[in-house]
Amino acid sequence: MILGIGTDLANIDRIAATLDRFGDRFRNRVFTDTEQRKAERRADTPGTYAKRWAAKEACSKALGTGLRMGIAWKDMAVSNLSTGQPVMQVTGWAADRLAAMTPPGHVAIIHVTLTDDHPWAQAFILIEARPIAQAPD
C-alpha cells in the first residue's frame, strides 16, 4: 500500500549560488557528512547537492508534513547502493513520523528516484507499506 508520495524540482543554479554565498554553513545545516562527501567528489557538485535537496523536500512531502512540522534537513539522508541506486534513510522526527504512519504488521520502504537536466534537478519519493511476512505455523 502507498503511504505517501512527494516530488520536488530544484534549480541547480540557485543551489550553486547558495553554496557560493553560504558555503559550509549551508552544507552543514542541510546535508549529512556522507552526502557532502558524495557531492564534493562529483564533477557537478551543485547538481549533486540540488538532487539531494530535492529529495529531502520530496521526502518531507511524502511524510505529509513538509519541513515545517519538526523534521530537520539532516533527518533525511540520501546515499547510494553499490549499484548507484539512491536510497533514503530517515532518523529523528522523520523516522518517528514514518513509524506513526506505518500500519501494524507492515514495514515502510522509501523508494527514491533522482534526475537532473541543467538547470533543473528533480526527485520523486514513494513510501510503501509492505506486509511483514509471517512464519508458517
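In what follows, every heavy atom counts, from backbone to side chain, and hydrogens, waters and symmetry copies are set aside.
Annotation for Leu9: atom CG counts as buried by contact number, over 12 foreign heavy atoms lying within 6.0 Å. Within a 6.0 Å radius of CG in Asp117, no more than 12 heavy atoms belonging to other residues, nucleotides or ligands are found. More than 12 heavy atoms of other residues, nucleotides or ligands shown are found within 6.0 angstrom of CG on Leu81.
Judged by distance alone, the side chains of Ser79 and Gln89 do bring a donor and an acceptor atom under 3.5 Å apart. Thr34 and Arg37 are linked by a side-chain donor-acceptor pair at a separation below 3.5 angstrom, with hydrogens and angles left out of the test.
Linking Ile, Leu, Val, Met, Phe, Trp and Tyr residues whenever their side-chain heavy atoms come within less than 4.5 Å places Trp93 and Val78 in a single cluster. Cluster annotation: Tyr49 is not connected to Ile12 through the hydrophobic network of ILVMFWY side chains, with a link wherever side-chain heavy atoms come within less than 4.5 Å. Grouping the Ile, Leu, Val, Met, Phe, Trp and Tyr side chains by contacts below 4.5 angstrom, directly or via other members, places Met1 with Met101. One hydrophobic cluster, built from ILVMFWY side chains closer than 4.5 Å, holds both Val30 and Phe22.
Side chains of Leu98 and Leu63 form a contact here, defined as non-hydrogen atoms less than 4.5 Å apart. Between Lys38 and Thr48, some side-chain heavy-atom pair lies under the 4.5 Å cut-off. Taking the side chain as every heavy atom from C-beta outward, Glu128 and His111 approach each other to under 4.5 Å. With a 4.5 Å cut-off on side-chain heavy atoms, Gln85 and Asn80 do not count as touching. Residues Thr7 and Gln122 have side chains in contact (heavy-atom distance under 4.5 Å, counting atoms from C-beta outward). For the pair Ile110/Ile125, a side-chain contact is recorded, criterion being any heavy-atom separation below 4.5 Å from C-beta on. Considering only heavy atoms from C-beta on, Leu126 stays 4.5 Å or farther from Val112 through its side chain.
Nearest approach of Ala16 to Pro46, heavy atoms of both residues: CB-CB, 3.7 Å. Of all non-hydrogen atoms in Gly6 and Ala62, the two that sit nearest each other are N-CB, 3.8 Å. Across all their heavy atoms, Ala129 and Pro103 have their closest contact at CB-CD, 4.0 Å.
Tested against Phe124, the residues Asp8, Leu114, Thr113 include a single side chain to side chain contact (heavy atoms under 4.5 Å, CB included) partner, Thr113. In summary, of the residues considered (Arg52, Glu35, Arg29), a side chain to side chain contact (heavy atoms under 4.5 Å, CB included) with Trp73 occurs for Arg29 alone.
Separating the CD1 atom in Ile109 from the CZ atom in Arg130 is a distance of 3.5 Å, to the nearest 0.5 Å.
For Asp75 (side chain) and Ala72 (main-chain N/O), a donor-acceptor pair under 3.5 Å exists by modelled atom type. One N or O on the side chain of Thr45 and one on the backbone of Ala39 form a donor-acceptor pair closer than 3.5 Å. Not a single donor-acceptor pair under 3.5 Å links the side chain of Lys51 to the backbone N or O of Ala121.
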Task: Intermediate values then yes/no, side chain to side chain contact (heavy atoms under 4.5 Å, CB included), Met76 and Met88 - done: CA-CA 7 Å; Met76 300 164 289; Met88 176 72 71; 3.7 Å; yes

Task: Pair Glu40-Arg27, side chain to side chain contact (heavy atoms under 4.5 Å, CB included): steps then yes or no - done: CA-CA 11 Å; Glu40 297 299 326; Arg27 277 193 241 0; 3.2 Å; yes

- [ ] Please step through side-chain hydrogen bond (donor to acceptor under 3.5 Å, both in side chains) for the pair Asp13 and His118, ending with a clear verdict.
- [x] CA-CA 8 Å; Asp13 294 334; His118 197 90; 3.0 Å; yes

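A ring-centre distance under 6.0 Å is found for Phe26 and Phe31.
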